[in-house]
Amino acid sequence: MLSHAHHSHHGITAEAHVLDNGSPLPKLADGTRDHLTTLTWSAAPRSSVGRLCAAGRHTAARMGQQGREGRGGREARRGPPGGDWRGTPARTSPAGIIAEAERSLEMGERKQRARELPKARALLEASRTKVAAAGLASDRAGCLIFAAASTALLEVEQDEARAAAFGAPPNASALGADRRRRVGVLLEVRAALDAGASAAAAARASADELSHLAETMGTVQLLLSEAHEELEDGPAALVCARSAVASFERAADLHARAAQAVADEMRGQAPVAAEPSIELLRALAPALMAFGKLALQAARAPREDGGDDAACERLRAEGEASVERSLAALEEACSLCDSERGDDLPAAVEEWARLLWEASALAPPSGRAQVLSRAAAKCRQSLGLVSVPLASTRVLLGDVLRAAAEEAAAPLHAALASDAPPVASRAPLSAADAAACTREALVLYALALRDGYGSALAISRTDMAAQLGAADARVDCARLVSKLPAAIVRAALPAAGDACDEHILVVADAAACLGAAAAGYAALGARPLADWLRAGLSAEEHADFQFNWACAAALQGDEATAQQLLAALVREGRIESEAELSGDEDLRPFAQTDWMQQLRMALRARGV
């Protein structure tokens with residue numbers, strides 16, 4: 001657990017767009033919330049959000065926490081109506097069976113955290129089976145244990161599958177079957193929770209108990225939405241995301257009723273409104289973001305097929321409003337946090353930063369830099385609220401700043417892709433504008449490496465996410481600098497005698513960047529696969545790392561390393577198509593080599 005600063009944090013609303021050294025972020029808009037409400041959000045591929053943004057949702061992991069919260073402070077009302085939970089219930093009674101299943105669940109979760117996956121699987125299966133075999137999966141208390149055990153078991157199975165995927169060719173048929181089975185399990189859990197909620201309502205359960213059941217249902221609906229997304233079933237994913245939002249909103253409404261009743265009782269019916277639940281606001285925000293993204297994607301897809309424009313427009317407006325509400329929910333949660341009562345304000349602010357990063361992919365091009373600026377500011381605020389920052393928050397800051405650098409460099413890439421160079425009169429950018437864009441991109445890359453990944457590695461020098469981020473950022477920067485005319489790069493650097501961070505000069509040196517990236521990739525390549533698993537990285541991410549390393553080697557002219565890495569990827573079935581080799585600009589120098597032709601022939605022979 002992080003130790004907070006000595007003073008109490010009573011919420012956060014101010015936008016602190018400053019660097020650790022007190023200097024303002026360069027050339028980026030301050031991005032207040034009022035400005036954000038003028039943006040028009042649009043759908044974007046999930047991959048554009050970034051690795052750490054898709055990794056940050058992890059709704060399955062939250063289920064265990066929800067179960068523990070319910071088994072703690074709410075345990076007294078989980079028994080059958082009128083039941084007596086004092087003492088130790090008989091093991092054959094419903095209360096005794098649920099207690100036994102709960103113990104198995106808690107032991108399974110401990111084994112899961114300790115990475116003892118076979119033991120965790122056995123205990124979680126035992127917990128799930130005990131509840132189901134006794135017919136208690138639809139019980140108002142048993143459904144929570146059943147849901148927690150089922151989703152934790154799915155997470156264990158995913159971890160086991162991730163470990164098995166390393167070094168093995170991808171099996172699309174088996175992967176599809178696993179995803180369909182996951183959907184089936186989650187549908188079973190949803191049905192159990194629905195029955196449990198009906199039983200609780202029939203028994204006139206408290207608003208607090210009904211709120212907890214609705215919150216758990218929201219989490220399961222969000223998991224179902226993600227599972228349908230993996231199966232590329234967009235309509236089903238959209239329906240589940242909408243249901244998740246409705247469940248969390250119902251949970252918040254029920255919690256407010258319960259909290260208001262307590263407040264009225266304590267204050268003698270004084271007209272004092274109870275505060276909303278911070279945890280429910282934090283749960284609602286990612287559900288709103290998920291629905292917003294899916295709605296925007298659905299609004300775009302039918303129009304391409306000549307669908308109903310009016311319906312598309314309504315769905316687009318609904319998606320935009322959902323994205324705005326998502327950010328507003330976390331803003332409200334942060335404003336209500338108070339560390340004196342145990343609220344985790346730094347974590348809430350970091351979640352806000354992640355959602356802003358996710359939202360940046362949905363913003364119009366003219367507003368993306370603004371949203372990314374806010375995300376970077378929130379990362380810095382989160383870091384400033386703890387005495388010992390986490391490396392993961394520093395990595396997030398690096399990812400956000402790197403995304404901002406890519407956005408700043410977008411006009412340069414567009415100009416370089418045109419027939420005319422960026423300095424020509426008919427090019428999109430003038431020489432002065434090109435130099436300004438280059439400087440902004442270089443500054444942001446330098447900040448990503450220094451304040452983000454570099455600071456994370458200062459905290460933990462073996463942090464793999466930081467090592468990967470730093471190496472990838474250096475390759476991106478070197479790729480940009482190497483394509484630009486030398487005059488543009490020189491004009492982007494400060495004049496002699498001007499104050500200049502040495503990091504900016506380093507990233508402006510393409511050869512130095514590539515050399516550092518190659519060293520970073522080599523260090524990662526020497527790490528055992530067990531380290532990748534412990535870091536939560538997948539076989540797909542390992543393949544991406546190898547491909548990026550091959551591209552860096554190609555940019556350096558290191559043909560032997562590029563050949564070795566690409567051959568391994570083809571052999572393991574990690575190259576999806578021949579076009580992935582032939583269409584990559586970094587690999588073009590090797591297009592006519594014998595070994596590249598052999599790799600392309602091997603891919604053609606497989607029909608990919």
Side-chain angles (χ1 to χ4, degrees), residues 17-31 360 365-373 376 397-454 469-518 551-552 555-556 585-586:
H17 298 271
V18 294
L19 308 184
D20 289 346
N21 60 9
S23 303
L25 278 170
K27 298 178 67 110
L28 290 181
D30 60 359
S360 69
S366 60
R368 287 174 193 158
Q370 177 185 350
V371 183
L372 288 166
S373 176
L397 176 59
D399 287 339
V400 170
L401 289 170
R402 180 184 165 201
E406 293 170 357
E407 189 61 36
L412 295 167
H413 288 299
L416 290 167
S418 67
D419 294 334
V423 294
S425 60
R426 57 190 177 89
L429 292 177
S430 67
D433 288 342
C437 288
T438 301
R439 175 163 175 77
E440 184 173 3
L442 292 178
V443 167
L444 289 165
Y445 276 124
L447 293 176
L449 289 166
R450 186 192 70 186
D451 299 345
Y453 307 125
D472 290 346
R474 287 188 172 102
V475 172
D476 289 344
C477 191
R479 186 181 289 117
L480 173 66
V481 170
S482 63
K483 291 178 181 178
L484 289 169
I488 295 293
V489 177
R490 285 195 300 270
L493 299 177
D498 287 355
C500 178
D501 193 313
E502 63 179 8
H503 290 78
I504 300 174
L505 297 176
V506 170
V507 296
D509 186 337
C513 277
L514 286 173
C551 289
L555 290 170
Q556 280 189 300
E585 187 176 350
D586 295 333

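This is a predicted model, so every value here is computed, not measured.
- Nearest heavy-atom pair across Gly398 and Ala448 is O-CB, 3.6 Å.
- Note that CZ of Arg368 and OG of Ser373 are 16.0 Å apart. Values are rounded to the nearest 0.5 Å.
- Judged by distance alone, the side chain of Ser482 and the main-chain N or O of Ala478 form a donor-acceptor pair under 3.5 Å.
- Between Ala441 and Leu480, the closest heavy-atom pair is CB-CD2, 4.1 Å.
- Separating the CZ atom in Arg490 from the OG1 atom in Thr438 is a distance of 12.5 Å, to the nearest 0.5 Å.
- When all heavy atoms are compared, the tightest approach of Leu397 to Ala376 is CD1-O, 3.9 Å.
- What you find for Val481 and Val507 is that their closest heavy atoms are CG2-O, 3.9 Å.
- Side-chain contact between Glu585 and Lys483: present, with at least one pair of heavy atoms (C-beta onward) separated by less than 4.5 Å.
- In this structure the side chain of Tyr445 never reaches within 4.5 angstrom of the side chain of Arg474, judged on heavy atoms.
- You'll find the side chain of Leu416 reaches within 4.5 Å of the side chain of Leu484, heavy atoms only.
- Salt bridge Glu407/Arg402: absent, no basic N to carboxylate O contact under 4.0 Å.
- The two atoms that bring Ala431 and Ile488 nearest to each other are O-CD1, 3.7 Å, heavy atoms only.
- Atoms CG and CG, on Asp586 and Leu555 in that order, are 4.0 Å from each other to the nearest 0.5 Å.
- Taking CG from Asp509 and CG from Leu514, the interatomic distance works out to 9.0 Å, rounded to the nearest 0.5 Å.
- Looking only at side-chain heavy atoms (C-beta outward), Val475 and Cys513 stay at 4.5 Å or farther from each other.
- Here the OH-CG distance, from Tyr453 to Leu447, works out to 12.0 Å after rounding to the nearest 0.5 Å.
- Taking all atoms of both residues into account, the shortest heavy-atom contact from Ala492 to Ala435 is CB-O, 3.5 Å.
- Put simply, CD on Glu440 and CG on Leu412 are 10.0 Å apart, with the number rounded to the nearest 0.5 Å.
- Residues Val506 and Leu449 have side chains not in contact (no heavy-atom distance under 4.5 Å, counting atoms from C-beta outward).
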